[in-house]
Amino acid sequence: MDPILEIKNLCIDFKTNRGIIRACDDVTVNFNRGDIIGIIGESGSGKTTLASGILKTVRAPGRIASGEILYHTPNGETIDLLKLSEHEYAKHRWTNITTVFQAAQNVLNPTLKIKEHFIETAMAHDTDKKFTKKQILEKAAMLLSQVRLEERILNSYPHQLSGGMKQRTIIALSLLLEPDMIILDEPTTALDVITQWYIIDILRKIHEETGITMIFMTHDVSIIGSVVDRIGVMYCGQMVEYGKVEDVFLKPSHSYTYGLMNAVPSLKDDITKRKAIAGYPPNLLELPKGCRFGPRCFLSKEGLCQSEEINITDMVDVGNEQLTLCPHWKKVKEQCH
Ligand SMILES: Nc1ncnc2c1ncn2[C@@H]1O[C@H](COP(=O)(O)OP(=O)(O)OP(=O)(O)O)[C@@H](O)[C@H]1O
Ligand SMILES: [Mg+2]
């Protein structure tokens with residue numbers, strides 16, 4: 001175990017007209033250096049909120065209510081990201097921790113050529129002024145080739161590029177200062193399926209070549225299943241399961257994960273055998289007692305968690321570093337054999 005991030009009891013709230021929503025609720029999880037990690041869950045489960053906690057971009061009406069995010073730098077320092085001021089965090093943004101998100105294409109300034117984006121980013125964030133302009137452009141050309149774009153697009157304006165090309169440009173830009181970790185929040189969602197797979201393949205290759213830690217947030221299980229090492233599953237703001245991808249996919253220990261896996265269509269399988277999870281996630285202002293997934297859980301007919309007024313908050317290790325929030329995980333696993 002070589003953790004790059006240790007997230008401890010992270011709580012992030014949003015103030016709404018009807019009350020306070022805890023969109024990230026007591027999340028405790030470690031991410032290993034060099035892994036590709038996928039965070040999955042339905043819309044509203046808290047994936048973006050968790051990403052914005054790590055990136056320290058939670059803005060009003062949101063606020064980080066409590067927790068720690070320990071970042072182990074490549075130099076062996078340990079920093080609690082949540083204790084850093086904006087100014088201190090800025091030193092890590094782009095250089096150590098970077099992000100690509102769904103609407104990232106809009107961050108390209110329409111009045112600047114692509115090469116100017118690379119130069120401005122390097123000048124603004126490379127505080128040691130290590131690079132000359134010539135070196136920046138050489139590095140930009142190398143990164144563009146990694147994302148399978150031609151060097152000549154350095155002289156293009158953003159509007160001259162397709163959506164997929166813009167997203168690949170952003171990925172190249174985000175890698176400019178050789179960060180340690182990249183957070184990708186739905187990086188391919190706005191793109192067509194073929195372009196999605198193309199970009200995932202590019203990211204997989206970049207990971208192979210650089211060993212960068214990648215954290216993907218997505219609601220699309222099928223798109224990341226083949227590339228991630230570990231998977232975290234979020235439901236109603238909680239991390240309900242975390243483990244190695246083969247365990248989580250093939251031997252899930254939480255019935256929500258089990259439901260998600262059964263809901264994923266595959267070209268090989270009979271589509272009529274796929275089953276959507278019954279019902280909808282509850283309103284975060286009116287959470288059910290006991291397990292939050294209880295009302296939708298196939299085990300709940302046995303009345304396991306609904307009658308008990310238990311507050312399920314701590315994950316248990318079921319073996320092989322597979323963590324689950326479900327106290328009845330053995331019953332879930334029995335369903336998978
Ligand atoms: N600015 C905000 N104001 C109020 N509530 C918010 C805000 N941002 C997020 N939330 C609430 O926090 C919860 C988690 O939202 P979040 O965007 O993190 O989910 P998500 O898993 O990323 O969903 P999606 O798959 O749709 O991107 C939701 O209930 C959402 O309504
Ligand atoms: Mg989101």
Side-chain angles (χ1 to χ4, degrees), residues 5 7 9-29 31 37-67 69 81-82 97-107 167 170 174 182-191 193 196 199-200 203 214-225 228 230-242 248 254 256-257 259-261 263-265 276-277 279-288 292-293 295-296 325:
L5 272 192
I7 302 178
N9 307 104
L10 181 66
C11 293
I12 303 175
D13 293 346
F14 287 99
K15 206 172 181 178
T16 72
N17 293 339
R18 294 185 49 221
I20 290 174
I21 285 175
R22 182 146 285 186
C24 186
D25 194 352
D26 204 14
V27 169
T28 295
V29 66
F31 298 143
I37 296 134
I39 305 291
I40 56 171
E42 280 163 291
S43 185
S45 56
K47 305 178 297 294
T48 297
T49 305
L50 175 62
S52 56
I54 302 168
L55 293 161
K56 236 177 124 96
T57 52
V58 179
R59 301 280 176 262
R63 98 185 163 97
I64 297 178
S66 56
I69 303 181
L81 295 176
L82 300 185
I97 305 172
T98 183
T99 184
V100 173
F101 49 93
Q102 185 179 344
Q105 301 164 30
N106 303 334
V107 303
Q167 200 68 337
I170 297 279
S174 72
I182 181 164
I183 298 177
L184 302 125
D185 188 5
E186 310 279 6
T188 63
T189 301
L191 305 168
V193 178
Q196 284 187 3
I199 290 184
I200 293 292
L203 289 167
M214 290 185 170
I215 306 172
F216 276 94
M217 316 294 185
T218 182
H219 61 263
D220 190 345
V221 183
S222 60
I223 203 89
I224 55 157
V228 295
R230 302 215 179 213
I231 287 265
V233 183
M234 292 195 72
Y235 186 74
C236 291
Q238 294 179 312
M239 185 77 71
V240 298
E241 172 150 18
Y242 186 74
V248 174
H254 195 286
Y256 177 57
T257 318
L260 273 184
M261 297 312 147
V264 178
I277 305 172
Y280 299 97
N283 181 333
L284 291 181
L285 287 165
E286 292 158 19
L287 289 170
R292 293 177 186 183
F293 188 63
R296 303 172 75 190
L325 210 51

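It should be emphasised that the depicted structure is a prediction, and the values quoted were computed from it without experimental measurement. Remember, it's 1-based here, ligands and their atoms both numbered in the order they're listed. FYI, the numbering just counts along the sequence from 1.
The contact set between ligand 1 and Glu186, taken as ligand atoms under 4.0 Å from a residue heavy atom, comprises 25 (O). For ligand 1 and Glu42, the ligand atoms under 4.0 Å from any heavy atom of the residue are 21 (O). Interface atoms of ligand 1 facing Pro61, defined by a heavy-atom separation under 4.0 Å, are 3 (N). For ligand 1 and Leu284, the ligand atoms under 4.0 Å from any heavy atom of the residue are 29 (O). Listed by number with element, the atoms of ligand 1 under 4.0 Å from a non-hydrogen atom of Gly46 are 14 (C), 18 (O), 19 (O), 20 (P), 21 (O). Ligand-side atoms of ligand 1 in range of Thr49: 14 (C), 15 (O), 16 (P), 18 (O), range being under 4.0 angstrom from any heavy atom. In summary, the atoms of ligand 1 found under 4.0 Å from a heavy atom of Ala23, numbered by their order in the structure, are 12 (O), 13 (C), 14 (C).
In this structure a side-chain-to-backbone donor-acceptor pair under 3.5 Å is present from Gln196 to Thr188. Between the side chain of Lys47 and the backbone N or O of Met234 there is no donor-acceptor pair closer than 3.5 Å. Judged by distance alone, with hydrogens and angles left aside, the side-chain atoms of Ser52 form no donor-acceptor pair with the main-chain N or O of Val58 at under 3.5 Å. Listed for the Gln238 side chain is no donor-acceptor partner under 3.5 Å among the backbone atoms of Asp26.
The CZ atom of Phe31 sits 11.0 Å away from the CZ atom of Arg230 when rounded to the nearest 0.5 Å. In this structure, the separation between OG1 on Thr99 and CD1 on Ile182 is 7.0 Å, given to the nearest 0.5 Å. Here the straight-line distance linking atom NZ of Lys56 with atom CD1 of Ile69 works out to 8.5 Å at 0.5 Å rounding. Atoms CG and CG, from Leu184 and Leu203 in turn, are 6.0 Å apart once rounded to the nearest 0.5 Å. Here the straight-line distance linking atom OG of Ser66 with atom CG of Asp13 works out to 7.5 Å at 0.5 Å rounding. Note that CD1 of Ile97 and CD1 of Ile54 are 8.5 Å apart. Values are rounded to the nearest 0.5 Å.
Of the protein's non-hydrogen atoms, Lys47 NZ, 2.8 Å is the one closest to atom 21 (O) of ligand 1. Of the protein's heavy atoms, Phe14 CE1, 3.6 Å lies nearest to atom 9 (C) of ligand 1. Scanning the protein for heavy atoms near atom 27 (O) of ligand 1, the closest one is Thr48 OG1, 3.8 Å. Looking at atom 31 (O) of ligand 1, its nearest protein heavy atom turns out to be Ile21 CD1, 4.8 Å. Residue, atom and distance of the protein heavy atom nearest to atom 26 (O) of ligand 1 are Ser43 OG, 2.5 Å. With respect to atom 23 (O) of ligand 1, the closest heavy atom belonging to the protein is Gly44 N, 2.8 Å.
Using the six-membered ring where Trp is involved, Tyr235 and Phe293 have ring planes that are perpendicular, over 60° apart on the 30 and 60° scheme.
Put simply, atom 14 (C) of ligand 1 has protein non-hydrogen atoms near it, under 4.0 Å away.
A heavy-atom distance below 4.5 Å is not found between the side chains of Ile223 and Thr189. With a 4.5 Å cut-off on side-chain heavy atoms, Phe101 and Thr48 do not count as touching.
The distance criterion of under 3.5 Å between nitrogen or oxygen atoms is not met by Thr16 with respect to ligand 1.
Here 1 is the count of protein N, O or S atoms positioned under 2.8 Å from the Mg ion (ligand 2), waters not counted.
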